[in-house]
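To keep things clear, I will list the structure first and then write my remarks on it.
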Amino acid sequence: APPPERPEEPQGAGRQLLSGCIVKQGEAHCEVKETGLNTEIGQAAGLVAEASGHQASLFERKIMQVVHAVILLALVDAGVVLYIDVGHRSVRFSKALLNVLALVIGAVPIALPLVMQVTMAIGAASMAKRQAIVTHLTALQEIASMTVLCSDKTGTLTTADMRVLPHRTWTHRMTKDDALLYACLASNPANKEDPIDKAILGSGHEHFGEEEADKLMNMYKKEKFVGFNPTVKRTVVYCEHEEKGKLKISKGLVDKVLVTGDDGGDCWECADAEKMREELKEVDVRFSSQGYKTVGLAVAHNEGPMVFSAIVPMLDPPRTDTKLTIYRIREAGINVKMITGDHLNIAIETSRLIGLGTNVLPACDLWPASATRDETIVTSDGFAQVLPKDKREVILVLQNRGLVVGMTGDGVNDAPALHEARIGVAMGLQGTEVAKGAAEMVLTDDNFTSIVKAVEKGRAIYAGIQKFVAFIMSVHIAEVIQIFFCVVVSMPLMRTPLQILFLILVTDLPPSIALGMEPGERNILEQPPRPKEEPIVLGWMWISICLNGLILSVVIIGVYVVSLQHYLGVVFLSDILEKKKGTPSEAEIHDIDMNLSKARTVAFISLVFCENVRAYICRSFSEPVWVDLCTNSVMQRAVLMAQVAMLCAVLIPFFSTDILGLDGLHIGWWGWLFSLVGPAATLVLCELSKLLTKWQMKRYQRQLQLMSDEGVSDGEVDSYEDSTDSDFGRS
């Protein structure tokens with residue numbers, strides 16, 4: 001009995017066939033060993049089902065950390081405000097609740113989920129234009145943290161289209177061009193399903209050119225053609241050439257072309273067969289060890305003896321852009337591994353051709369599980385002769401080592417690994433529906449280069465989200481400080497809950513979305529992936545957010561205090577109430593309320609101006625605001641929309657006065673001019689604060705480099721989060 005192809009296969013009378021295989025020709029008696037879920041395809045389906053169910057992505061967990069922190073801050077502040085109002089000032093409970101409501105609305109970033117979804121949806125639309133369809137929006141964020149990319153070989157790294165390598169052909173008394181031409185003559189162009197004939201004819205047309213190849217082959221008049229069959233394992237063509245005379249050409253298995261034996265076909269023994277046998281065996285073994293399939297070629301002229309003339313190597317060639325793509329992926333700090341079901345020698349040679357490395361191991365090295373085995377998986381360049389469960393095991397081991405793993409593939413056998421990986425990428429043209437359904441991203445052009453574009457876009461989106469989160473959080477912290485300050489010092493509340501909602505949902509929303517659409521910096525692919533557990537807002541970012549929120553608060557409180565003094569002559573709530581008590585007429589009380597509305601309007605206008613300036617400042621954590629000032633055209637439109645919304649809020653009668661409680665028509669030139677003091681002061685102070693932020697960033701980058709050199713784990717990286725971080729955007 002022939003030996004088993006894999007160590008775990010039983011000794012038997014023939015090969016073990018797996019469900020889903022197609023028998024193209026020949027006859028056999030087969031015994032069914034397993035059915036349903038116990039077959040290989042059934043086990044693949046079971047592995048996919050096993051891993052099904054929604055799991056919160058890394059990105060979703062990071063966002064929830066930010067939200068939880070803000071909610072906690074809001075609850076603490078609300079409790080303090082309620083205690084001060086009710087417990088110490090004897091304010092009516094309903095009035096105190098109104099103050100608490102304003103504070104909670106100002107504190108909770110209710111626009112954050114909307115901005116997140118809009119930003120990622122726009123990013124997904126942009127990826128679709130680049131031939132990559134995102135089926136799960138969070139994949140755009142996961143890919144920004146990807147550290148390992150595992151890839152299937154056939155159809156992903158290679159063309160899935162066998163090709164002859166004419167320049168590597170071994171010849172005897174024949175040129176390499178003639179060897180390829182004769183191999184084309186011994187192929188059947190009508191048999192579209194035969195991969196060998198298809199590959200040889202395709203390579204001939206590619207090597208000689210379409211017209212020249214047809215011209216050369218038409219110079220030979222075919223008289224008889226004997227096709228390939230599993231018994232004789234060769235083809236034979238009888239043809240005639242005007243100058244060379246009659247030729248008999250055969251191509252097929254090297255041994256079957258050298259000496260046919262009595263196999264029922266046209267039989268012969270090549271001249272000097274015994275002398276050539278050892279040399280041919282050595283050449284054939286050398287080609288096979290390099291991963292090539294081989295085809296032997298023998299030719300007879302004018303009814304003379306058959307002469308063994310060539311061994312033609314064939315290989316499923318890598319895609320033209322695969323080597324460059326792998327280089328670019330590695331430059332981005334992402335390790336690449338090949339996982340294929342093909343023979344080990346073919347996998348090693350393909351890996352060498354695409355610049356991946358030759359440390360490709362057989363699937364038997366994956367079992368049994370051990371710590372040594374896990375280390376082997378991490379350090380290897382890939383695995384060959386694998387089954388679906390083997391691919392999934394590689395993904396699980398890498399992810400258990402704290403790595404963020406992506407997987408590309410196109411077949412049913414790739415589905416379990418695609419589903420298990422953090423980022424599954426399926427091929428859209430040659431990929432099966434099962435593979436597409438298990439993946440988070442589908443490449444519609446089957447172009448491996450699209451993965452690089454996805455990584456670049458994912459990192460740019462992540463950096464943009466960091467920026468708009470920093471912007472939104474600083475705005476909300478400023479709102480909390482302003483309201484809290486007004487309550488504590490007993491000033492009239494600067495804004496009503498409705499005004500706060502208008503600011504958050506109308507004037508702040510467009511710049512927030514524009515920040516999420518910031519273009520990535522030019523060297524974004526040269527930066528390493530973000531650590532897996534790195535929060536979206538780190539320690540140094542929190543310091544920057546709080547500092548900018550404090551600056552915004554101080555500026556706007558200053559504008560509000562001066563406005564109160566200008567319009568009312570007093571600042572504190574007790575003085576305003578005293579003033580109302582001393583005023584006998586309703587008209588004068590109305591004037592006091594109108595003047596309070598004017599002061600709030602000036603503060604409102606100044607705040608919108610400040611936040612628009614802050615949107616430009618937030619485009620970079622460290623670079624001055626004038627660097628690449630106009631490169632994001634969306635920001636210009638967003639700020640214009642915010643300004644139009646603000647003017648509508650303060651100038652449209654009834655909507656302004658009766659709904660929002662603002663009065664921009666009567667604040668006079670003083671109010672409009674003084675409101676510009678706020679953005680001017682914000683610009684200067686926030687730009688100065690970047691000096692501290694830039695120092696913190698450089699400090700953290702040095703720490704990251706030091707930890708990288710010493711091999712520090714993700715968990716140890718987390719301990720540095722309270723100080724600094726790196727910037728994937730315009731840093």
Side-chain angles (χ1 to χ4, degrees), residues 62 65-66 69-70 73 144-145 333 459-460 462-478 481 515 518-531 533-555 610-611 613-629 631-632 679-710 712-731:
K62 292 173 185 178
Q65 290 173 356
V66 177
V70 174
L73 175 65
S145 299
R459 291 184 177 184
Y462 192 99
I465 288 176
Q466 271 197 322
K467 292 168 185 175
F468 83 63
V469 168
F471 170 73
I472 287 178
M473 296 309 301
S474 64
V475 167
H476 282 279
I477 287 175
I481 293 174
L515 280 171
E518 277 290 306
E521 60 178 310
R522 297 176 186 87
N523 67 337
I524 198 166
L525 284 178
E526 298 174 10
Q527 301 172 7
R530 293 182 176 275
E533 298 298 335
E534 179 183 273
I536 196 167
V537 180
L538 292 105
W540 71 267
M541 287 183 64
W542 278 117
I543 294 174
S544 176
I545 288 169
C546 293
L547 184 58
N548 280 272
L550 182 61
I551 290 171
L552 188 59
S553 299
V554 170
V555 169
C610 288
E611 290 177 356
V613 168
R614 282 268 302 121
Y616 279 101
I617 293 171
C618 283
R619 295 182 66 230
S620 172
F621 288 110
S622 59
E623 293 296 327
V625 69
W626 55 82
V627 175
D628 295 333
L629 181 62
T631 54
N632 186 358
T682 300
L683 177 62
V684 173
L685 295 174
C686 288
E687 284 296 298
L688 288 174
S689 73
K690 284 185 178 181
L691 297 175
L692 173 62
T693 304
K694 192 170 186 177
W695 174 78
Q696 289 180 310
M697 289 174 61
K698 288 182 178 179
R699 178 187 171 199
Y700 180 70
Q701 287 165 357
R702 288 194 299 269
Q703 291 171 338
L704 274 186
Q705 186 62 49
L706 179 62
M707 289 186 290
S708 176
D709 295 340
E710 295 176 355
V712 178
S713 67
D714 277 347
E716 293 171 298
V717 170
D718 292 341
S719 65
Y720 289 86
E721 290 173 2
D722 59 347
S723 58
T724 44
D725 183 30
S726 59
D727 181 16
F728 271 4
R730 290 167 54 250
S731 51

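Worth saying up front: this structure is predicted, and the values here are computed from it rather than measured.
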>> Please find the pair of heavy atoms, one from Ala460 and one from Ile524, that lie closest to each other, and give the distance.
In response: N-CD1, 3.5 Å
> Less than 4.5 Å apart, any side-chain heavy atom of Ile465 and any of Tyr462?
Replying inline: no
>> I want to check something: taking the side chain as every heavy atom from C-beta on, are Leu691 and Trp695 in contact at a cut-off of under 4.5 Å?
In response: no
>> If you compare all heavy atoms of Ala615 against all heavy atoms of Phe471, which two are closest, and at what distance to 0.1 Å?
In response: N-CE1, 3.7 Å
>> Let me confirm one number: the CG-CG distance from Leu683 to Leu688, rounded to the nearest 0.5 Å.
In response: 9.5 Å
> Who pairs with Ile551 by side-chain contact (heavy atoms from CB on, under 4.5 Å), at least two apart in sequence or on another chain?
Replying inline: Leu547, Val555, Leu685, Cys686, Ser689
>> Under the rule for side chain to side chain donor-acceptor pair (under 3.5 Å), what residues qualify as partners of Thr682, not counting sequence neighbours?
In response: none
>> Can you list everything that forms a side-chain contact (heavy atoms from CB on, under 4.5 Å) with Val554? Sequence neighbours excluded, please.
In response: Leu550
> How far apart are the closest heavy atoms of Pro679 and Cys610, and which atoms are they?
Replying inline: N-SG, 3.3 Å
>> I need the minimum non-hydrogen distance between Phe621 and Thr693, along with the two atoms involved.
In response: O-CG2, 3.4 Å
> Counting N and O atoms only, with roles assigned by atom type, does the side chain of Ser544 sit under 3.5 Å from a partner on the main chain of Trp540, one being a donor and the other an acceptor?
Replying inline: no
> Going from CD on Gln466 to CE on Met541, what distance comes out if it is rounded to the nearest 0.5 angstrom?
Replying inline: 4.5 Å
> Would you call Ile543 and Gln696 a side-chain contact if the rule is heavy atoms closer than 4.5 Å?
Replying inline: yes
>> What verdict does the side chain to side chain contact (heavy atoms under 4.5 Å, CB included) test give for Asn548 and Arg614, after you've listed the backbone C-alpha separation in whole Å, the side-chain angles of each residue and the deciding distance to 0.1 Å?
In response: CA-CA 9 Å; Asn548 280 272; Arg614 282 268 302 121; 3.5 Å; yes
> Sub-3.5 Å donor-acceptor pair from the side chain of Arg619 to the main-chain atoms of Val625, do we have one?
Replying inline: no
> Looking at SG of Cys618 and CE of Met473, how far apart are the two atoms once the value is rounded to the nearest 0.5 Å?
Replying inline: 12.0 Å
>> Between the side chains of Glu687 and Lys690, is the shortest nitrogen-to-carboxylate-oxygen separation below 4.0 Å, so that they form an ion pair?
In response: yes
> Is the backbone N or O of Ala478 less than 3.5 Å from a side-chain atom of Ser553, with the two atoms forming a donor-acceptor pair by type?
Replying inline: yes
> Which pairs count as salt bridge (charged side-chain N to carboxylate O under 4.0 Å, His left out) when at least one residue sits in residues 539-555, sequence neighbours excluded?
Replying inline: none
